[in-house]
Amino acid sequence: MLQCLWCASSRRCVPYPVRRILPSADLCELRSARWGVCWVNFEALIIAMSVVGGTILIMLLVCCCCCCKKKSKKPDKEDERAARERERRRVRQEERRAEMKSRHDEIRRKYGLFKEENPYAKFEN
């Protein structure tokens, strides 16, 4: 019965003192107090609940810290460096593309393949 506090030293079952969390020392020593069933040591129960509660609190704190850190993450130097490098590559690619276009246009003009805006312009002279 969960309302009973078994005292192993005095070998008697006393009503659990509901007004207090821990039984008083004059009622029964903490190491010999059993709660509910005879194999649940009150001292071990307190230690186990403290460990489990502490573990849960630590896990919650770690999760909160990780979430907050990810949300407030500022772009670091490596991200800025990568963005500058991408911009440099894009500019170089545009320069190469313009250079290739001008070369191709020269070759087209050389061989008469260049499309002029007014195709009748060469017949006017």
Side-chain angles (χ1 to χ4, degrees):
M1 201 156 83
L2 295 178
Q3 298 163 351
C4 178
L5 176 71
W6 175 257
C7 188
S9 59
S10 65
R11 296 199 168 283
R12 61 188 174 114
C13 186
V14 293
Y16 189 81
V18 207
R19 293 187 191 114
R20 296 172 160 205
I21 295 174
L22 298 174
S24 61
D26 59 336
L27 188 63
C28 187
E29 292 179 1
L30 193 59
R31 72 181 105 120
S32 62
R34 308 283 189 258
W35 180 58
V37 287
C38 292
W39 56 270
V40 178
N41 185 347
F42 209 85
E43 198 173 34
L45 180 69
I46 292 171
I47 293 171
M49 288 176 68
S50 300
V51 168
V52 169
T55 305
I56 291 172
L57 283 175
I58 289 172
M59 287 172 42
L60 285 173
L61 286 173
V62 167
C63 288
C64 288
C65 289
C66 289
C67 291
C68 292
K69 189 175 182 180
K70 285 182 181 179
K71 285 182 182 177
S72 68
K73 185 177 180 183
K74 298 177 183 175
D76 58 352
K77 291 181 181 181
E78 188 174 320
D79 292 341
E80 292 174 4
R81 187 174 49 86
R84 284 193 304 267
E85 185 65 30
R86 276 195 304 271
E87 184 61 27
R88 276 190 232 132
R89 286 181 190 156
R90 187 186 62 77
V91 168
R92 274 189 271 150
Q93 180 67 24
E94 287 175 5
E95 289 172 356
R96 281 191 224 124
R97 190 173 289 140
E99 187 179 318
M100 290 299 287
K101 186 176 183 326
S102 67
R103 280 189 205 164
H104 290 157
D105 288 347
E106 267 182 50
I107 292 171
R108 286 186 187 110
R109 268 191 233 113
K110 181 178 177 181
Y111 292 104
L113 302 172
F114 190 70
K115 294 185 179 180
E116 297 175 17
E117 288 184 25
N118 186 0
Y120 298 106
K122 57 182 162 179
F123 297 118
E124 288 178 5
N125 292 336

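Cluster note: V52 groups with I56, L60 through ILVMFWY side-chain heavy atoms spaced under 4.5 Å, whether in direct contact or through intervening members. Other residues sharing the hydrophobic cluster of I58, ordered by chain and number and joined by side-chain separations under 4.5 Å: V62. Cluster partners of M100: none. The rule joins Ile, Leu, Val, Met, Phe, Trp and Tyr whenever side-chain heavy atoms lie under 4.5 Å apart, and it links nothing here.
Looking at R96 and E99, no side-chain N of the basic residue comes within less than 4.0 Å of a carboxylate O on the acidic one, giving no salt bridge. The pair E85-R92 counts as a salt bridge, with a side-chain nitrogen and a carboxylate oxygen less than 4.0 angstrom apart. Salt bridge annotation for R109-E106: absent, with no cationic side-chain nitrogen under 4.0 angstrom from a carboxylate oxygen.
Going from atom CG of D79 over to atom CZ of R84 covers 11.0 Å, rounded to the nearest 0.5 Å. Between the CD1 atom in I107 and the CZ atom in R103 there is a gap of 8.5 Å [rounded to 0.5 Å].
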Working for salt bridge (charged side-chain N to carboxylate O under 4.0 Å, His left out), residues R97 and E94: CA-CA 5 Å; R97 190 173 289 140; E94 287 175 5; over 6 Å; no

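Linking ILVMFWY side-chain heavy atoms closer than 4.5 Å, directly or via other members, places I46 and M49 in a single hydrophobic cluster. Clustering ILVMFWY residues whenever any of their side-chain heavy atoms sit less than 4.5 angstrom apart, transitively, puts M59 in a cluster other than the one holding L57.
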